[in-house]
Amino acid sequence: MIHPSVNSPLNIDEEESFLLKEEDEASSEEVLPQIMHLKRSQWWIFVFISIFFLISAQAVAVLLGRFYYDQGGNSKWISTLVQTVGFPILYLPLCLLPASPRTSYCSFKTLVWIYLSLGLAIGLDNLLYSYGLLLLSASAYSLICGTQLIFNAVFSYLINSEKITFWTVMSIFFLTVSALVIALDDDSNSPSGGSKWIYVIGCLLTLLASLIYSLQLSLMQFSFEKIIRKETFAMVLEMQIYTSLVASCVSVIGLFASGEWKMLRMEMEEFHKGHVSYVLTLVGTSVSWQLGSVSAVALIFLVSSLFSNLIGTLSLIVTPLAALVVFDDKLTVAKIAAIIFAIPGVAFYMYKNYLDGLIVERARESLAD
Ligand SMILES: Nc1nc2[nH]cnc2c(=O)[nH]1
């Protein structure tokens, strides 16, 4: 975690020395992370930019995905592929970033294993995510996705030794209640057409997607902190590019193996808004997913996997509000209540980060004295 957070149940003095020791180790080994040069105000600016892009880009991606299905699109593998295939656009910022020393703590072979395993997990999660959206109503889907915060808290504790504080628990509680309120506001018909078995399968697949997604975010944080330990923005982009490359290969194989590719020409011809709109919808969805995903990875890097997941879940809550404008959906009391619950949910975790930051600043000051 780049933002100096408190990961173990230590008292304040122990926490300070623990955090300072981590910084000392980093500088003594001459791999002073680019991000360590960030001032606290700069760090907050990067966090807010990432939050903005994660919420807005993911909401646009989900709405465009819904537009694709509404206008006659039907391919699960295309829906899965567009979640990762836009990765080449990230080469542009990667080339523009100042060159950083290539020194990394892990070998090329280890990096390949990390990208391969995380990429496979992302590919599987994206497929399950597409099935979930297809089989469940948006609200039932949000309800089950709310569980990913609880899974993430458990994985963060087990894998990243993240201390679960009072503020973390409050934050998870409010955001889970918020997702629950959206879910109970079931004003959309289930795409499963009321079949009980399809509904149960949809719930199980979405639950599995939530578990895989939470595990994948926690493992990404573990890779950044404990294996790669090369804390530069280029590393964030590389992580997103190469895991997306692997996940896109999985989707392309699925597209051909399932035979869905044969339907694509017909799908394009029968798309209600025409060919150009079909292509633009898919391109727009791909770009939005990339912006959303790279922001999610940036938040893991800057804060933690749990925070990234919290903001992703907030985006899930914001999306029905965006649908009010785009699809003329109804504004219900539940939607307003969901937002009211979501605000303290995010605020509590931000406050936790603020407290963690204070501890580090105090530690730095006492070292300087
Ligand atoms: N399971 C799951 N996959 C995702 N991919 C992008 N966002 C999400 C999410 O919130 N849940």
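Atoms within a ligand are numbered from 1 in the order they appear, just like the ligands themselves. All values reported here derive from a predicted model rather than from experimental measurement.
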What one should report as the nearest heavy-atom pair of Leu211 and Phe155 is O-CE1, 3.7 Å

Regarding Glu260 and Ser75, do their side chains bring together a donor and an acceptor under 3.5 Å, going by distance alone?
yes

Any donor-acceptor N or O pair under 3.5 Å, side chains Ser107, Thr110
yes

Starting from the N and O atoms of ligand 1, find every protein N or O within less than 3.5 Å and list the pair with its distance.
| residue | atom | partner | partner atom | Å |
| --- | --- | --- | --- | --- |
| ligand 1 | 1 (N) | Asp125 | OD1 | 2.8 |
| ligand 1 | 1 (N) | Ala209 | O | 3.4 |
| ligand 1 | 3 (N) | Asp125 | OD1 | 3.3 |
| ligand 1 | 3 (N) | Asp125 | OD2 | 2.8 |
| ligand 1 | 10 (O) | Gln148 | NE2 | 2.9 |
| ligand 1 | 11 (N) | Gln148 | OE1 | 3.1 |

Assert yes or no for the condition that the ring centre distance of Trp167 to Phe307 is strictly below 6.0 Å.
no

Rounded distance (nearest 0.5 Å) linking atom CG of Leu282 with atom CD1 of Ile78
6.0 Å

Residues forming a side chain to side chain donor-acceptor pair (under 3.5 Å) with Thr84, sequence neighbours excluded
Ser248

